[in-house]
Amino acid sequence: MRLGFAYRRYRLRFRAPVRTAHGVWTEREGVWVRLCDEAGHAGYGEAAPIPWFGTETIGQTEAVARAIGPKLDANDEESLADAAVEAPCLVNALRSAWHGLQEESRRTTGHASAATQADDPTEFRSVAALLPAGRAALGVITEKAEAGFRVFKWKVGVANVGDELVLLDDVCAALPDGAKLRLDANGAWDRRQAERWLERCAERPIEFVEQPCLAAAAEAPAQRRKIEDTLRGLAEDYPTPIALDESLVVDGDVARWLAEGWRGVFVLKPALLAAPWTAVAKLAAAKASVVFSSALETIVGARAALHLAFTWPGERKALGFGVWPLFAESRCDGPTAAPFLRWSDVKRLDPARAWAALEEKAS
Ligand SMILES: O=C(O)CCC(=O)c1ccccc1C(=O)O
Ligand SMILES: [Mg+2]
């Protein structure tokens, strides 16, 4: 099938800078893609790479998109993916656009797809509120608790361990009764620092510690194995569960950690994998503990990622998508963070409208 292919590189300012152990993030860059068939149906997808996680760079995404040209020959999802093998996030975008196109074409021809569990409009999932790093978290907890949130995620590893551990007590004291706190270090600690944290976490309402340590993709295999051993050791030695996030950035990482018997949490950012459905199927078969998480993507990628999250058959842990409103250009935002997200809120997201909005802005 000859499909029309178009892409748009975007650069969107965050309403407020996002601070992580990797520094301050002020804007998001990515690529949106659109596939059209001859009948005029369209489907949309988003490549939202995070190079400091170990994905392709935005320059690589765009170069591969440019090389595709205005027409693409594809008879199925696999031949489509072949067009972008060097850019996994772009493969993800093309697959989402392909699915959107099928959905659109079935809808307009009256062939509704088989209903899935996710299609029940009354289905809902709880959502974790993302707190800013440092002391700024305290004010936000009160506001979010009043809005009804009971799961919170706090970015740590930003300041030194001693100062943040003092703050941890203030953060825990500010939590409403029964609330749970996720801590995300984005790989900032060495083993000793992670141990100091995990000792403190044991008697506090910490749901898990996300990516305490990390070996960068560029590091030697021996160093990477050492850090992975550290993660396994921490998971064995402390009662607080450990969650993998940056450790799951390449397709194949999920299968590898499953094969090694990882019993902690898998934080899955569907936007970063070329084939997130494959990873989810493997996790489901293993009855793994999974948290679906945002890559700070726009409405286009959010729709696909949340769609996948709603199909998860296992234990329902709060989604990590409590991030919107996120962009200065609000038409690019996913659903505004609320303690619960309904399937009908996800279905209502309209990538075509967002595409038109950026087009209008650019012209
Ligand atoms: O969905 C979430 O958990 C919140 C988003 C988040 O923390 C995040 C967003 C962008 C890049 C990295 C991360 C992270 O989990 O480390
Ligand atoms: Mg994380």
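Atoms within each ligand, like the ligands themselves, are counted from 1 in listed order. In this chain, residues are counted from 1 in sequence order.
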Got the closest protein heavy atom to atom 11 (C) of ligand 1, with its distance? Ile50 CD1, 3.6 Å
N/O separation below 3.5 Å, Trp25 to ligand 1: no
What protein heavy atom lies closest to atom 3 (O) of ligand 1? Include the residue and the distance to one decimal. Lys153 NZ, 2.6 Å
Go through the steps for Arg15 and Leu326 under the test side-chain contact (heavy atoms from CB on, under 4.5 Å), then give the verdict. CA-CA 6 Å; Arg15 287 158 52 105; Leu326 180 65; 5.7 Å; no
Donor-acceptor pairs are to be reported for all side-chain atoms of residues 165-175 against protein atoms at under 3.5 Å, with residues two or more places apart or in another chain.
| residue | atom | partner | partner atom | Å |
| --- | --- | --- | --- | --- |
| Asp169 | OD1 | Arg204 | NE | 2.8 |
| Asp169 | OD1 | Arg204 | NH2 | 2.8 |

Is a side-chain donor or acceptor of Asn92 paired with a backbone partner of Leu273 at a separation under 3.5 angstrom? yes
A student comparing Lys269, Glu297, Arg28 should find that the heavy atom closest to atom 13 (C) of ligand 1 comes from Lys269
Leaving waters out, which protein N, O or S atoms fall under 2.8 Å from the Mg ion (ligand 2)? Asp184 OD2, Glu210 OE2, Asp245 OD2
Under 4.0 Å from ligand 1, counting heavy atoms only, is it the side chain of Gln211, its backbone, both or neither? neither
When you look for heavy atoms under 4.0 Å from ligand 1, do you find them on the side chain of Thr20, its backbone, both, or neither? neither
Identity and distance of the protein heavy atom lying nearest atom 16 (O) of ligand 1: Asn186 ND2, 2.7 Å
Can you confirm whether Arg13 is buried at CZ, in the sense that more than 12 heavy atoms of other residues, nucleotides or ligands lie under 6.0 Å from that atom? no
Do the side chains of Trp32 and Cys332 get nearer than 4.5 Å, heavy atoms only? yes
Run the salt-bridge test on Glu207 and Lys317 with the 4.0 Å N-O cut-off and return the result as yes or no. yes
Looking only at protein heavy atoms, which one is nearest to atom 5 (C) of ligand 1, and what is the separation? Ser294 O, 3.6 Å
If I apply the N/O under 3.5 Å rule, does Glu246 come out as touching ligand 1? no
What I want to know is whether Trp52 and ligand 1 share at least one N or O pair that is separated by under 3.5 angstrom. no
Step-by-step side chain to side chain donor-acceptor pair (under 3.5 Å) determination, Glu329 to Tyr10: CA-CA 11 Å; Glu329 171 49 83; Tyr10 68 76; over 6 Å; no
Tell me whether Lys155 reaches ligand 1 (any heavy atom closer than 4.0 angstrom to a ligand atom). yes
Output, in order, the C-alpha distance, side-chain angles, deciding distance and verdict of side-chain contact (heavy atoms from CB on, under 4.5 Å) for Trp25 and Trp52. CA-CA 11 Å; Trp25 203 2; Trp52 55 261; 4.1 Å; yes
Would you say Phe53 touches ligand 1, if touching means a heavy atom closer than 4.0 Å? yes
Which is it for Leu319 and ligand 1 at heavy atoms under 4.0 Å: side chain, backbone, both or neither? neither
Among all protein heavy atoms, pick the one closest to atom 2 (C) of ligand 1 and tell me residue, atom and distance. Gly320 O, 2.6 Å
Can you establish whether the number of heavy atoms outside Glu38 located under 6.0 Å from its atom CD is more than 12? no
Quick one: is the NZ or CZ of Arg182 closer than 6.0 Å to the six-membered ring centre of Phe152, and within 45° of its axis? no
Are Phe124 and Asp345 close enough that some pair of their side-chain heavy atoms sits under 4.5 Å apart? no
What protein heavy atom is closest to atom 10 (C) of ligand 1, reported as residue, atom name and distance in Å? Leu296 CG, 3.5 Å
Is there a side-chain contact between Asp120 and Trp343 in this structure, where contact means two heavy atoms from C-beta onward sitting under 4.5 Å apart? no
Asp245 neighbourhood, listing ligand 1 atoms whose heavy-atom distance to it stays under 4.0 Å: 14 (C), 15 (O), 16 (O)
Evaluate the side-chain proximity of Ile227 to Arg224: yes if any heavy-atom separation is below 4.5 Å, no if none is. no
When you look at Arg135 and Glu164, which way does the salt bridge (Lys or Arg N to Asp or Glu O under 4.0 Å) test go after all the steps? CA-CA 9 Å; Arg135 182 162 291 279; Glu164 279 185 346; over 6 Å; no
